[in-house]
2 protein chains.
Amino acid sequence: MVMKVGTMTKKQSQSGTIESVASALEKAIHEHRLPPGSKLGEDDLAEIYGVSRTQIRAALQALSHLKLVEHKRNRGAFVAQPTLREAREVFEARALLEPRTAHSAAARCTPEDVEKLRAHIEAEHAALAAGDNGRALHLSGLFHIEIARIADQETIAAFIAQLVSRSSLIIALYWRRRMAMCESHAHDALIAALAAHDGPQAEELMKSHLLDLVSSLDLRNQLSAPGSLREALT
Amino acid sequence: MVMKVGTMTKKQSQSGTIESVASALEKAIHEHRLPPGSKLGEDDLAEIYGVSRTQIRAALQALSHLKLVEHKRNRGAFVAQPTLREAREVFEARALLEPRTAHSAAARCTPEDVEKLRAHIEAEHAALAAGDNGRALHLSGLFHIEIARIADQETIAAFIAQLVSRSSLIIALYWRRRMAMCESHAHDALIAALAAHDGPQAEELMKSHLLDLVSSLDLRNQLSAPGSLREALT
DNA sequence: GAATGCAAGATTGCATACAATCCTGTCGAC
DNA sequence: GTCGACAGGATTGTATGCAATCTTGCATTC
C-alpha cells in the first residue's frame with residue numbers, strides 16, 4: 001500500500017533523521033496534504049519513514065513546539081487546529097513583526113537577494129499554473145521568510161517562520177472561497193520596493209499585504225471551523 | 001552528596017514530570033545558578049530528579065527549542081551561550097515586540113492586573129534586599145511576561161517569554177559590572193502608565209526601559225564571552 | 001622529551017519491550 | 001428496547017538495554 005517513502009531520506013541525511021522527518025511533515029502540512037485534525041499515529045509514521053518510534057516522537061515534539069501539531073494525552077498527535085482567537089493573534093503578531101522587518105530588509109537587500117526572490121515568485125507562478133495550490137501556498141510562505149532572512153535577523157526570522165506555518169493552518173481552516181492567490185501582485189510590488197531600497201514603501205506594502213491576507217479569511221465567527229463538533233452541532 | 005531534589009516534585013506532578021523538570025531547569029538557568037556553558041549530563045539529571053533518562057531528554061529537547069540549551073552531537077546538552085550577534089538580535093526583537101504590546105496592555109489593564117504587577121515588584125524588591133540577585137532577575141523577567149499576558153496576546157507573550165529567558169543568558173554573559181538593577185524605577189513608572197490606561201506613555205516607557213537595559217550590557221566586542229576560546233586566544 | 005597512536009571509560013543515540021490508558025463493540029440487566 | 005458495565009484491541013507513555021561515538025589517559029616511538 002504505502003511505499004516506504006523515508007528510505008531514501010533516511011540514507012541521505014545519515015543521522016539527521018528527526019529533522020528530515022520533521023521538515024517532511026511540516027512541508028506536507030504546509031501544502032495542505034495533511035489537513036488540520038489529521039491523526040499522526042506514531043506506528044504509521046514510523047513505518048512510512050522507516051525509522052523507529054523514538055525519532056518520530058522527537059519530530060512530533062518539535063512540531064508541537066512550533067504549534068503545528070497538538071498533543072492529546074494518551075490520544076496521540078494531530079495536525080493542529082488553530083482556534084479563531086489563535087488565528088487573530090497570529091496575524092496580529094505578523095502585523096507587528098513583518099512590516100518593520102521588510103523595512104530593514106530594504107536597506108540590506110542585495111541584487112542576489114532580489115534574484116532569489118524573483119525565482120521564488122516564478123516558482124510560485126509555475127505551481128499555480130500547474131494547479132498545485134498547496135505548493136504555491138508553501139512557496140508564498142517561503143517568500144515571507146526569505147525577506148526576514150534578508151533583514152539579517154535570524155531570531156525574528158524564526159518567529160516569522162513559525163507564524164507563516166501556522167498561517168497555513170489558519171488558511172486551511174478559515175479560507176473564504178475563491179480568490180486564487182492574487183497576492184502575487186503584492187509580492188511583485190514588494191520586490192520592487194526592496195530592490196529600490198525604499199524602506200518606508202516596503203513597510204507599507206507589507207502592512208497592506210497582510211491586511212489583505214486577513215481580509216481574505218473569515219475570522220468573524222466560527223462558520224467554517226470543523227474542529228469542535230460540539231459547537232458545530234448546536 | 002547531591003540530594004534527590006526531584007523526589008517530591010515527581011510525586012506532586014504525577015505525569016507532568018517533563019514539564020516540571022523543564023521548568024525547574026529553566027528557573028535555575030534564569031537565576032544564574034546554572035551559568036552558560038554548564039554541562040547538563042543526562043544521567044546526572046536523571047538521578048537528581050529521580051526520573052528516567054527518557055524524560056530528561058524530552059525536557060532538554062524542549063529547552064533546546066527555546067534556545068536555552070544547546071545540543072552538541074554526541075557531546076550532550078549545555079546551557080546555551082548566546083553569541084554577540086544573537087544577543088543583539090534578541091534585544092532588537094524585544095524592541096520590536098514589547099513597546100507596542102505594552103501599549104495594548106494599557107488599554108486592557110484591570111485593577112487586579114495592577115495589583116498583580118505591584119506584587120511582582122514587591123517580591124523583586126524583597127529578593128534584591130535579601131541579596132538574592134538571581135531571583136530578582138527572574139522576577140524582573142516575569143514582570144515583562146505578565147504585561148504581555150495583560151495585553152491578551154498569548155502568541156506574542158510566548159515569544160516575549162522566550163526572549164526574556166534568553167536575555168537572562170545574555171545578561172549572564174555580557175553584563176557590565178555594577179548597577180544593581182536600578183530598573184525598579186522603570187517598572188514603577190510602567191505600572192503607573194498602565195494603571196492610567198496611558199498607552200502612548202507605556203509604549204514610550206517600555207522602549208526606553210529596553211534601551212537602558214541594552215546600554216547596561218557590553219555588546220560592542222566579545223570582551224567577556226568565554227564561549228569560543230578559539231577567538232579568545234588569537 | 002615531545003608527539004602520535006591506542007585503548008579504556010564514559011556518555012549519548014537509538015530501538016525495542018513492557019505497562020498504562022483509552023476507544024469500541026458486545027453482553028447482560030432493568 | 002435502552003442503558004450500563006465489561007472486556008478485547010489498539011495506541012501511547014515510559015524504562016531499560018545495546019550500539020555508536022567521543023574523551024582522556026597512557027604507552028610507545030622518534
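Chain naming here is simple, since letters A, B, ... match the order of the sequence lines and numbering starts at 1 in each. All values derive from a computational prediction rather than experimental measurement.
Among residues two or more places apart in sequence or in another chain, the side-chain hydrogen bond (donor to acceptor under 3.5 Å, both in side chains) test is passed with A:Thr110 by A:Glu112, A:Asp113. Every residue two or more places apart in sequence or in another chain was checked for a side-chain hydrogen bond (donor to acceptor under 3.5 Å, both in side chains) with B:Asp43, and none qualifies. Remark: B:His71 pairs with no residue by the ring-ring contact (aromatic ring centres under 6.0 Å, His included) rule, at least two apart or across chains. With sequence neighbours excluded, the residues that form a side-chain hydrogen bond (donor to acceptor under 3.5 Å, both in side chains) with A:Glu86 are A:Arg166. With sequence neighbours excluded, the residues forming a side-chain hydrogen bond (donor to acceptor under 3.5 Å, both in side chains) with A:Arg57 are A:Glu42, listed by chain and number.
Distance CD (B:Gln61) to C1' (C:dC14): 13 Å, rounded to an integer number of Å. We find that CD1 of B:Ile56 is positioned 15 Å from C1' of D:dT16, with the value rounded to whole Å.
Contact annotation: A:Gln55 side-chain N/O to C:dG13 OP1/OP2 distance is not under 4.0 Å.
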What does the list of N/O pairs under 3.5 Å between the protein and nucleotides 9-12 of chain C look like, with a distance for each?
residue : atom : partner : partner atom : Å
C:dT12  : OP1  : B:Glu42 : N            : 3.2

